[in-house]
Amino acid sequence: MKLLVTGGAGFIGSHFVRYILQTYADYKIINLDALSYAGNPENLKDIEKNKSYTFVKGDIRDFKTVKGLLKGVDVILNFAAQTHVDRSIKEAKDFVETNINGVFTLLEAARSAKIQKFIQISTDEVYGSILEGSFIEKDALSPSSPYSASKAGADLLCNAYALTYRMPLIITRSSNNFGPYQYPEKVIPLFVTNILEGKKVPLYGDGLNVRDWLFVLDNVRAIDFILHKGEAGQIYNISADNELNNLELTALILKKFGLGSEWIQYVEDRAAHDRRYSLDSSKLRHLGWKPIYDFEKSIEATIDWYKTNVQWWKKLKKS
Ligand code: NAD
């Protein structure tokens, strides 16, 4: 199989590229990434010389570039996006341009090249907040931030292309990922690296917002599973039932360093901060996927990775 992975120099995309190359010796991957602030060639340094791997610096909004790469490609997997909610609140333009216009360009290129499968990597945030119960794939979208609204817009566009042009589209919606190589603006690496720098950790509002945590390799396994067993026209939620409020998550991280709540600095809440995300991933589980990574062990492995890879995150925190 030949895959076009977009955004493969980012956090989840780089794990996916590595996993596929390690798992399928005969698969080829082209990684198209614009190398925005979150794209980092160092994330794939270990595989950059792999003969099955080609990196192309380019933008998913550039039709000519995308179309030019599609010869012989079986599947497009779109991880490329602007991803940080706080940045989207400060300035939404890049989010609309990449997350909506970029997906539109990819869809048009895929349509003209008659691609066999297009997997759009979306997020639980498109459903918005839910105080009780969990969202299923058929639930209505109710995004709150410019980030989640732009991802929801892309999802709707994908649905429309699937219906109108009978394109073989699949959407994955996962809960919050964590693991090595996550940009240190996101909460877990931000808190871990702050502690390593001797700084307090900034906790939004009352700290009681709930997130459902998923180790990145479980998400990658799920996307691999969907690549091979997923049905065109379907949406799949991906989650591992690790719900914690942010205060519990913070306490857990501090505990791993032997520290207490005096290291927490409460800061003004994020605007329109979703109270709780929760996904029901039984549709994917019935097909045969399930998470395998233990949450606490994965948090420990992630902390260890940031402890031993200081040179990776130090320069990102300065920029
Ligand atoms: P990331 O910010 O770490 O990486 C995004 C990548 O996309 C970067 O390498 C960046 O250079 C690239 N990119 C940005 N704009 C581009 C453009 N116009 N053209 C080409 N490349 C471009 O993001 P991530 O956390 O790895 O997320 C990957 C995908 O998964 C995103 O679509 C995101 O919405 C989704 N997702 C993430 C999470 C999470 O917790 N991180 C959860 C659910 C869904």
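For ligands, and for the atoms within them, numbers begin at 1 and follow the listed sequence.
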Nearest protein heavy atom with distance in Å, relative to [atom]:
atom	result
atom 30 (O) of ligand 1	I121 CG2, 3.4 Å
atom 4 (O) of ligand 1	G10 CA, 3.4 Å
atom 23 (O) of ligand 1	T83 CG2, 3.2 Å
atom 26 (O) of ligand 1	I12 N, 2.7 Å
atom 5 (C) of ligand 1	A81 O, 3.5 Å
atom 22 (C) of ligand 1	A80 CB, 3.7 Å

Testing the 3.5 Å rule here: is there a donor-acceptor pair between the side chains of [X] and [Y]?
X	Y	value
N219	N177	yes
S281	K290	no
D224	Y24	yes
D124	S175	no

Using distance alone, decide if ligand 1 has a nitrogen or oxygen within less than 3.5 Å of any nitrogen or oxygen in [X].
X	result
Y147	yes
N40	no
N177	yes
A34	yes
F11	yes
S36	yes
N176	no
D33	yes
N78	no

Tell me the contacting part of [X] for ligand 1: side chain, backbone, both, or neither, using a 4.0 Å heavy-atom threshold, strictly below.
X	value
K151	side chain
L35	backbone
T98	side chain

Quick one: CD1 on I130 to CZ on F135, what's the gap to the nearest 0.5 Å? 4.0 Å
Hey, are the side chains of [X] and [Y] touching, using non-hydrogen atoms and a 4.5 Å cut-off?
X	Y	answer
L141	L156	yes
L107	L157	yes
F257	V192	yes

Which atoms of ligand 1 sit under 4.0 Å from any heavy atom of [X]?
X	value
G58	19 (N), 20 (C)
S174	42 (C), 43 (C), 44 (C)
F79	28 (C), 29 (C), 31 (C), 32 (O)
T123	43 (C), 44 (C)
S175	42 (C), 43 (C)

Does the distance from a Lys or Arg side-chain N to an Asp or Glu carboxylate O, for [X] and [Y], drop under 4.0 Å?
X	Y	value
R173	D139	no
K67	E108	no
K64	D62	no

What do you reckon, does S122 put a non-hydrogen atom under 4.0 Å from ligand 1? yes
Using non-hydrogen atoms of the residue, decide whether A9 is closer than 4.0 angstrom to ligand 1. yes
Trace of the ring pair (Phe, Tyr, Trp, His ring centres under 6.0 Å) decision for Y183 with F11: CA-CA 7 Å; Y183 199 87; F11 165 48; over 10 Å; no
Any chance you could lay out the side chain to side chain donor-acceptor pair (under 3.5 Å) test for E137 and Y127, step after step, and finish with the verdict? CA-CA 9 Å; E137 289 82 353; Y127 296 114; 5.5 Å; no
Would you call the rings of Y161 and F104 parallel, tilted or perpendicular, where under 30° means parallel and over 60° means perpendicular? perpendicular
Give every residue pair that meets the side chain to side chain donor-acceptor pair (under 3.5 Å) criterion with at least one member in residues 299-311, sequence neighbours excluded. K256-E300
Looking only at non-hydrogen atoms, which of L32, T172, I60 approaches atom 19 (N) of ligand 1 most closely? I60
